[in-house]
Amino acid sequence: MRYRKGPLDLDVLVDGQDLNLPSFLNSYVVKPGLVAALPLGFTQDRYVVPHDGKDGVHQQAQRAMILADYDLGWGKLTSTTMASHWISRQNYAAAVDLATEAALQKQGQLGLYPFGQSTTVAKDRTFYQDFHLAGQAMDGDLDWLGGVGYLLQHDLNGTDLSTSPCTFRLGAGICAGTPTAPLCYLPLPTSTACPATFPAVFGTSSRAPLRNQSNSVYGLMRYRTGPFTLAGELRYSRDKKKASQRTVNLYTDTLSVAPASYVFKSDRLNYTLTASYKFDGPIPALVYAKTGTGYRAGGVNARTSSPFAPNPFRPTYDNEDTTSYEVGFKGNPTRNIYVRLAAYRSTTEDAITVITDGCTVVNACQQGGTNFNINGGSVHARGVSAAIDGRFQVGGGLLTVAVNGARQRARYVSTPANYSGLPLIGSSVAQIPKWTSSATIDYRHRLTEAVSAFGNISYQGQTGGVQDTVTAATPAIYLNDIDMVGLRAGVDIKQVQVAVFVQNLTDKSIALLQFQTAGQPLANRYSAPRTVGANIVYRW
């Protein structure tokens with residue numbers, strides 16, 4: 001809803017959503033002789049994996065926003081207020097069902113524990129308030145802005161992990177259920193019965209609340225003289241986080257590890273400077289140069305580790321700071337073609353990365369490893385990008401073409417000397433493809449005064465890059481190349497649009513996430529197959 005009267009302009013927005021989604025799926029691709037529990041190997045269908053547990057994701061979100069402008073004559077005061085609440089619950093089960101497990105054991109293979117179940121919950125309550133005042137001076141040659149911001153978040157992350165309360169071994173019954181309703185499944189007629197009293201816990205249940213408070217003060221000035229513009233921005237931010245974690249044995253109140261609670265505080269001053277020059281000749285263009293700093297807030301590792309850990313556990317980690325430089329060009333070589341070129345480089349100090357404490361059940365820790373965040377070294381990044389947009393009259397209709405491509409690289413150039421498991425110096429930062437590209441071709445043609453037809457072809461591609469951080473113990477897993485084509489076509493009839501679409505037109509199956517052991521494939525998560533659908537849209 002919008003209300004305007006005199007100098008006041010007020011917008012109120014309330015929205016929400018309720019989603020039921022599928023959970024993710026990993027399918028095993030184990031070669032013979034690779035895994036002791038599956039000596040004959042085990043390969044599953046890429047998209048259909050039978051299992052007997054719970055699956056699915058349920059998400060609910062609500063948000064309210066108030067946007068207010070008040071014209072003071074010499075400046076405009078703007079207020080942005082937002083309150084939001086969302087919750088996400090996810091269930092995903094073991095990768096085999098009881099029938100598959102029985103078939104594996106008939107082959108003499110131990111197989112995979114069929115009752116494994118993971119349940120996660122994530123909740124967030126956020127309040128955000130921003131006030132800023134903006135105006136002009138020097139007959140409009142100088143723009144200025146100043147403001148303050150406040151953010152308060154209350155988060156909760158919880159995970160329930162179900163495991164076998166008995167030793168999982170070939171020829172024995174498989175234990176599951178709960179302490180009050182134990183379950184014993186016999187995969188083979190010759191399987192021995194489960195013990196009368198299950199010797200181990202049924203799993204763990206952890207809850208980790210987090211309180212995040214952030215305050216900021218900022219200002220901006222932009223001065224124009226003829227075709228030259230110079231802008232500067234300054235921002236001071238202060239962050240405070242408090243997090244804790246409590247983990248108990250599943251279905252009980254018995255602590256499985258000691259509770260953890262930590263506090264993190266920091267502040268940062270960041271700036272941005274931009275200079276640009278506009279050419280008004282036969283080829284209208286703009287060239288610019290920009291430099292600035294930014295940071296990613298540190299935080300708390302709300303978990304515990306063994307005092308015997310080879311890598312000493314750190315309860316907090318500091319901010320990650322980045323300084324970047326960019327130059328670029330924007331212009332129209334012809335009236336219907338628009339070109340953008342850019343090149344950048346950046347240096348990141350105290351880059352946040354994840355390592356393990358090095359614990360295993362067979363070393364002095366006598367427990368599994370704990371992952372935690374750490375400031376893992378310095379990263380140098382650079383890249384170039386280019387984009388071309390064109391609009392053409394073809395056959396009585398409008399053809400729109402957009403093509404862009406980029407080449408980027410980011411590598412670790414140094415790491416701390418007192419921790420193991422850190423990224424190898426010279427290795428690439430994870431999830432950064434070397435090349436990315438995309439293209440869209442859209443054609444629209446008016447058939448009658450009230451009816452228009454349209455068609456759209458889209459392409460997305462990437463090559464190179466590594467999936468995860470490369471360390472001395474974890475060799476590089478290279479990202480698979482991606483080439484995806486989509487189609488969409490339909491008609492607009494007055495206020496109604498009817499369209500059909502095809503995603504992944506060529507029906508390519510790409511392993512987007514790869515799990516390995518000893519450098520060999522273990523399981524993959526694949527891209528969605530060819531998908532066909534329809535849209536109906538009404539506008540008023």
Side-chain angles (χ1 to χ4, degrees), residues 23-26 28 35 37-38 49-58 87-98 100-101 104-105 110-123 156-170 172-187 191 193-209 243-260 301-306 309 313 356-357 359-362 365-372 515 522-523:
S23 62
F24 58 79
L25 168 70
N26 300 327
Y28 279 93
V35 177
L38 299 164
V49 176
H51 50 277
D52 296 313
K54 296 179 180 179
D55 267 323
V57 180
H58 184 209
I87 182 171
S88 176
R89 299 182 184 275
Q90 178 174 242
N91 292 286
Y92 50 98
V96 296
D97 61 351
L98 297 177
T100 301
E101 175 60 20
L104 290 171
Q105 293 213 5
L110 173 60
L112 307 168
Y113 182 65
F115 293 104
Q117 178 74 51
S118 298
T119 299
T120 65
V121 58
K123 299 180 181 180
L156 174 68
N157 291 284
T159 303
D160 292 349
L161 299 175
S162 298
T163 58
S164 176
C166 306
T167 301
F168 181 51
R169 60 186 180 86
L170 186 63
I174 302 175
C175 305
T178 69
T180 56
L183 172 67
C184 182
Y185 170 69
L186 302 179
S191 299
C194 301
T197 302
F198 293 173
V201 299
F202 287 76
T204 59
S205 176
S206 66
R207 295 295 182 271
S244 60
Q245 185 178 48
R246 186 173 185 270
T247 303
V248 299
N249 295 334
L250 195 60
Y251 310 120
T252 74
D253 292 326
T254 304
L255 291 172
S256 62
V257 295
N301 291 308
R303 50 187 67 92
T304 58
S305 174
S306 168
F313 175 78
T356 177
D357 61 3
C359 284
T360 70
V361 294
V362 296
C365 300
Q366 295 293 296
Q367 66 181 44
T370 297
N371 292 331
F372 61 96
F515 301 90
L522 179 67

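We use all heavy atoms of the structure for the numbers below, so side chains are in, but hydrogens, waters and symmetry mates are not.
Across all non-hydrogen atoms, the minimal contact from F198 to A176 is CE1-O, 3.4 Å. The minimum heavy-atom distance between L186 and G173, with the atom names listed, is CD2-CA, 3.7 Å. When all heavy atoms of S164 and C175 are compared, the pair lying nearest together is OG-O, 4.1 Å. In this structure, T247 and S206 approach most closely via the heavy-atom pair OG1-CB, 3.3 Å. Nearest heavy atoms, K123 versus I87: CE-CD1, 3.4 Å. The two residues V49 and A95 have their closest heavy-atom pair at CG1-O, 3.0 Å.
Separating the OG atom in S205 from the CZ atom in R246 is a distance of 9.0 Å, to the nearest 0.5 Å. Note: R89 CZ to T119 OG1 = 10.0 Å, rounded to the nearest 0.5 Å. For the atom pair T204 OG1 and D160 CG, the distance stands at 7.5 Å (nearest 0.5 Å). The CZ atom of F168 sits 8.5 Å away from the OH atom of Y113 when rounded to the nearest 0.5 Å. Remark: L38 CG to L110 CG distance equals 7.5 Å, nearest 0.5 Å.
Judged by distance alone, the side chain of D357 and the main-chain N or O of T370 form a donor-acceptor pair under 3.5 Å. A donor-acceptor contact shorter than 3.5 Å links the side chain of T252 to the backbone of T254. One N or O on the side chain of E101 and one on the backbone of L112 form a donor-acceptor pair closer than 3.5 Å. Under a 3.5 Å cut-off, the side chain of Q117 and the backbone N or O of Y92 do form a donor-acceptor pair.
By the 4.5 Å heavy-atom criterion applied to side chains, S244 and P259 are not counted as neighbours. Looking at I174 and P114, their side chains come closer than 4.5 Å, going by heavy atoms from C-beta outward.
Contacts of F372 classified as ring pair (Phe, Tyr, Trp, His ring centres under 6.0 Å), with partners at least two apart in sequence or in another chain: F313.
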**OP:** Just do the side-chain contact (heavy atoms from CB on, under 4.5 Å) check on L250 and L161 with the steps written out, would you?
**Re:** CA-CA 8 Å; L250 195 60; L161 299 175; over 6 Å; no
Subject >> S23 vs N91, side-chain contact (heavy atoms from CB on, under 4.5 Å): CA-CA, chis, key distance, verdict >> reply: CA-CA 7 Å; S23 62; N91 292 286; over 6 Å; no
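Shown here is R207, whose CZ atom has more than 12 heavy atoms of other residues, nucleotides or ligands within 6.0 Å.
Across the pair C184 and C194, the gap between the SG atoms, which is the quantity tested here, stays under 2.5 Å.
Ring orientation note: the planes of F115 and Y185 are nearly perpendicular, at an angle over 60° on the 30°/60° scale.
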